[in-house]
Novice: 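Next up is a structure, given as C-alpha cells.
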Amino acid sequence: MRIPLILVDGTPRVNAILFSNRYHFGLARITFVVDTGSNATFIGEEDFAGLQISMDTLHKEEAFKMAGSKYNLLLGKEGTLLFKTNENKTTRIELPNIPIAKTISKKALDIEGIPSILGTDFLEKNKLTLYFNPSKDLMYLEKEEY
Amino acid sequence: MQEAQILKMLTTFDLDLEWFKENLTSLKENYDQNYVAIENTEVIVHDKNIDNLITKLKQLGKDPSKVFIQFVSKVKSIF
C-alpha cells in the first residue's frame with residue numbers, strides 16, 4: 001500500500017484528515033511535510049489555527065528548536081489520521097496524543113511558523129518507507145503489508 | 001465516517017495542493033508575507049495575521065479546519 005506525495009517548493013507533502021471524538025472539529029485537513037531530517041511529528045501553526053482547539057486541553061511535553069526558532073511540543077487527546085492510498089482507498093493511523101508545535105520565539109517577525117511535519121518517528125512507528133525520486137516526480141510512503 | 005466522504009475530501013484537498021504548487025510563483029507575487037486560505041483552487045481570504053485570517057473565514061461561513069491555509073513568502077523556507 002502506497003500513500004502518494006506531492007512535491008511543493010522542493011518538499012514532499014501529503015494531505016491527511018485528522019479525526020478525533022474528543023474535539024469538535026470533526027474531520028480536519030492537515031497538510032504534512034514529510035521530513036526525514038526531523039525526529040518528531042507534529043501539527044504546525046497554520047493547521048493548528050484551523051482546528052480551533054483550546055490550549056487548556058493540551059499539555060506541554062518539551063521545548064525544541066527548529067530553523068533557529070524555539071517551539072513547545074504540546075500533546076492533545078487521541079486522534080486518527082486518514083490518508084488516501086494509490087488504490088483510492090483510505091488508510092488510518094492512530095495517534096495516542098495529537099502532537100502540536102507552538103512558537104515560543106521567532107528569529108524575526110516575518111518568518112512563518114513551521115508547517116506540520118511527519119518525521120522519522122512516525123515512519124518508524126508505523127513501518128512506513130519513504131520513496132523519493134524528485135527528478136521523476138515519483139514519491140510516496142509505502143507501508144509494509146502483513 | 002463514510003469512506004466515500006473521506007476520499008472525496010482528500011481528493012479535493014489534493015487538487016488544492018496541486019493548484020498551490022502550480023501557482024506558487026504568482027501567489028508569491030500577489031500575497032508575499034501573507035497567509036492565504038485556498039478552497040476549490042481559489043484564494044478565498046488572505047491576511048498577514050493568522051488569527052485575523054481565521055476570523056475572516058468564519059465571517060464567510062467557512063470552517064477553518066476544512067480550508068488549506070498556507071503562509072506565502074518570497075523568502076524561501078528551509079527546514
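Naming: A, B, ... by sequence-line order, numbering from 1 per chain.
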Novice: According to a 4.5 Å side-chain heavy-atom criterion applied to Ile, Leu, Val, Met, Phe, Trp and Tyr, with indirect links allowed, do Phe48(A) and Val14(A) form part of one hydrophobic cluster?
Specialist: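 Yes, Phe48(A) connects to Val14(A) through the hydrophobic network.
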Novice: Please classify the contact between Thr31(A) and chain B as side chain, backbone, both or neither, with a heavy-atom cut-off of under 4.5 Å.
Specialist: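 Just its side chain gets close to chain B.
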Novice: Got Asp9(A) and Lys28(B) here, is their nearest side-chain heavy-atom distance under 4.5 Å?
Specialist: yes
Novice: Using only atom types and a distance under 3.5 Å, with no angle test, would you say the side chain of Glu3(B) pairs donor to acceptor with the backbone of Thr90(A)?
Specialist: yes
Novice: Flag the one option from Leu18(A), Asn88(A), Leu51(A) with the top tally of heavy-atom pairs under 4.5 Å to chain B.
Specialist: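 Option with the top pair count is Asn88(A).
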Novice: Is there a side-chain contact between Asp63(B) and Phe25(A), using heavy atoms and a 4.5 Å cut-off?
Specialist: no
Novice: Hydrophobic cluster membership, with links at side-chain heavy-atom distances under 4.5 Å among I/L/V/M/F/W/Y: are Leu7(A) and Phe32(A) in one?
Specialist: yes
Novice: When heavy-atom pairs shorter than 4.5 Å are enumerated against chain B, which of Asn15(A), Val8(A), Asp47(A) gives the highest number?
Specialist: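 With the most close heavy-atom pairs to chain B, the winner is Asn15(A).
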Novice: Report yes if the side chains of Ile6(A) and Lys21(B) come closer than 4.5 Å at any heavy-atom pair, otherwise no.
Specialist: yes
Novice: With rounding to the nearest 0.5 Å, note down the distance linking CD1 in Ile6(B) to CZ in Arg92(A).
Specialist: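 With rounding to 0.5 Å, CD1 (Ile6(B)) is 9.0 Å from CZ (Arg92(A)).
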Novice: I'd like to check Met9(B) versus Arg29(A) (side-chain heavy atoms, cut-off strictly below 4.5 Å). Are they in contact?
Specialist: no
Novice: Side chain from CB out, backbone as N, CA, C, O: work out which of these in Phe83(A) comes under 4.5 Å of a heavy atom of chain B, or both, or neither.
Specialist: backbone
Novice: Just wondering, more than 12 heavy atoms not from Glu94(A) lying within 6.0 Å of its CD?
Specialist: yes
Novice: Rounded at 0.5 Å granularity, tell me how far CD in Glu45(A) sits from CD1 in Ile50(B).
Specialist: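 Answer rounded to 0.5 Å: 8.5 Å.
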Novice: Measure Ile54(B) against the heavy atoms of chain A and call it side chain, backbone, both or neither at under 4.5 Å.
Specialist: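 The side chain, not the backbone.
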Novice: Where on Phe68(B) is there a heavy atom nearer than 4.5 Å to chain A: the side chain, the backbone, both, or neither?
Specialist: both
Novice: Take atom CG of Asn39(A) as the centre, draw a 6.0 Å sphere, and report whether it contains more than 12 heavy atoms from other residues, nucleotides or ligands.
Specialist: no
Novice: With a 3.5 Å distance limit and no angle check, can you tell me whether Lys66(B) reaches the backbone of Leu27(A) through a side-chain donor-acceptor pair?
Specialist: yes
Novice: Rounded to the nearest 0.5 Å, what separates atom NZ in Lys84(A) from atom OG1 in Thr11(B)?
Specialist: 3.0 Å
Novice: Contact part of Leu17(B) toward chain A, heavy-atom cut-off under 4.5 Å: side chain, backbone, both or neither?
Specialist: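 Both parts, heavy atoms under 4.5 Å.
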Novice: Test of understanding: clusters of I, L, V, M, F, W, Y form through side-chain heavy atoms closer than 4.5 Å, transitively. Do Val34(A) and Leu95(A) belong to the same one?
Specialist: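 Hydrophobic grouping puts Val34(A) with Leu95(A).
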Novice: Indicate, with yes or no, if Leu81(A) and Leu58(A) share a hydrophobic cluster defined by side-chain heavy-atom contacts under 4.5 Å among Ile, Leu, Val, Met, Phe, Trp and Tyr.
Specialist: yes
Novice: Are Ile43(A) and Leu5(A) connected in a single hydrophobic cluster, I mean Ile/Leu/Val/Met/Phe/Trp/Tyr linked by side-chain heavy atoms less than 4.5 Å apart?
Specialist: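 Leu5(A) clusters together with Ile43(A).
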Novice: To the nearest 0.5 Å, how far apart are CG in Leu10(B) and NZ in Lys89(A)?
Specialist: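 If I round to the nearest 0.5 Å, the distance is 15.5 Å.
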